[in-house]
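Take a look at the structure below.
Below, chain A is the first sequence line, B the second, and so on; all start at residue 1.
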Amino acid sequence: DFQMTQSPSSLSASVGDRVTITCRASRAISNYLAWYQQRPGKVPKLLIYAASTLQSGVPSRFSGSASGTDFTLTISSLQPEDVATYYCQNYDNAPLTFGGGTKVQIK
Amino acid sequence: EVQLLESGGDLVQPGGSLRLSCAASGFTFSSYTMGWVRQAPGKGLEWVSDISASGGNTYYAASVKGRFSISRDNSKNTLNLQMNSLRVEDSALYYCAKARISGSSYDYWGQGALVTVSS
């Protein structure tokens with residue numbers, strides 16, 4: 001079965017730190033990869049699509065990159081409002097699998 | 001402004017049925033793929049189903065295939081999810097979501113409809 005393996009499952013960092021979250025696909029998915037942010041008690045929000053394209057209105061401290069089947073979400077300078085769970089998702093073919101999520105907290 | 005409003009969530013017994021609806025506004029509904037994503041309490045996101053803009057193509061997660069049926073009424077800007085043979089593990093908040101383009105990520109989400117399957 002196809003899988004999206006996301007790591008770490010949680011992290012704690014200081015305001016201003018650079019934060020990196022990784023997703024690995026179990027097969028090639030080209031760049032059909034999205035990242036979502038879900039703040040506590042809120043609806044998921046699209047951050048990045050096509051692996052590295054920033055959705056309109058998303059702060060530029062968020063960025064995405066890809067290398068083969070490895071995908072990375074980077075927050076260049078962590079802010080208090082970035083406390084959330086982040087999910088990756090493939091959309092090349094059904095099933096549109098989500099990663100398990102990474103919970104980001106402030107140290 | 002894009003709005004997605006789910007309805008139909010309820011408490012249902014195992015083996016029962018439920019129909020969720022999603023009323024869409026603020027965009028040309030008939031031009032976009034739509035989908036359902038669920039989230040069990042305290043758990044991650046799980047994709048459930050997608051339907052193409054015309055309704056001619058539907059896709060399901062293995063966990064719901066054969067039990068759930070997605071449909072849309074483009075004349076009424078409404079997305080539906082018929083859920084049959086419900087199981088305790090189907091309990092979740094069900095989000096209606098709009099695809100950014102066909103076969104794409106979801107750029108707008110509803111607030112969700114809560115489905116609880118329990119005896």
Do A:Val19 and A:Val83 belong together in a cluster built from hydrophobic side chains that touch within less than 4.5 Å? yes
Should A:Tyr36 and A:Ile21 be regarded as members of a common hydrophobic cluster, given that ILVMFWY residues are connected when their side-chain heavy atoms come within less than 4.5 Å of each other, either directly or indirectly? no
Between B:Trp47 and A:Leu96, which heavy-atom pair has the shortest distance, and what is it? CB-O, 3.1 Å
Please indicate whether B:Arg67 has more than 12 foreign heavy atoms, meaning atoms of other residues, nucleotides or ligands, lying under 6.0 Å from its CZ. yes
Is there side-chain contact between B:Tyr95 and A:Pro44, with heavy atoms separated by less than 4.5 Å? yes
Just wondering, are more than 12 heavy atoms of other shown residues or ligands nearer than 6.0 Å to NZ in A:Lys103? no
More than 12 foreign heavy atoms under 6.0 Å from OH of B:Tyr32: is that the case here? no
What part of A:Tyr32 lies closer than 4.5 angstrom to a heavy atom of chain B: side chain, backbone, both or neither? neither
Looking only at B:Tyr59, B:Tyr60, B:Trp109, B:Tyr108, most heavy-atom pairs under 4.5 Å shared with chain A are made by B:Trp109
Mind checking whether B:Val88 and B:Leu93 sit in one hydrophobic cluster, side chains of I, L, V, M, F, W, Y counted as touching below 4.5 Å? no
Assigning hydrophobic clusters by single linkage (Ile, Leu, Val, Met, Phe, Trp, Tyr; side-chain heavy-atom cutoff under 4.5 Å), is B:Val12 placed with B:Leu20? yes
Given a strict heavy-atom distance threshold of 4.5 Å, which part of B:Asp107 is in contact with chain A: side chain, backbone, both, or neither? both
Within one Ile-Leu-Val-Met-Phe-Trp-Tyr cluster: A:Trp35 and A:Met4, side-chain cutoff 4.5 Å: yes
To the nearest 0.5 Å, tell me how far B:Leu45 CG sits from A:Gln38 CD. 5.5 Å
Among A:Gly101, A:Ala50, A:Pro95, residue most engaged with chain B (heavy-atom pairs, under 4.5 Å): A:Pro95
Segment of B:Val48 engaging chain A (4.5 angstrom heavy-atom cut-off): neither
For the atom pair OG (B:Ser105) and CG (A:Asn90), what is the distance rounded to the nearest 0.5 Å? 11.5 Å
Contact check, side chains of B:Tyr106 and A:Tyr91, non-hydrogen atoms, under 4.5 Å: no
For chain A, find which of B:Gln39, B:Glu46, B:Arg100 contributes the most heavy-atom pairs closer than 4.5 angstrom. B:Arg100
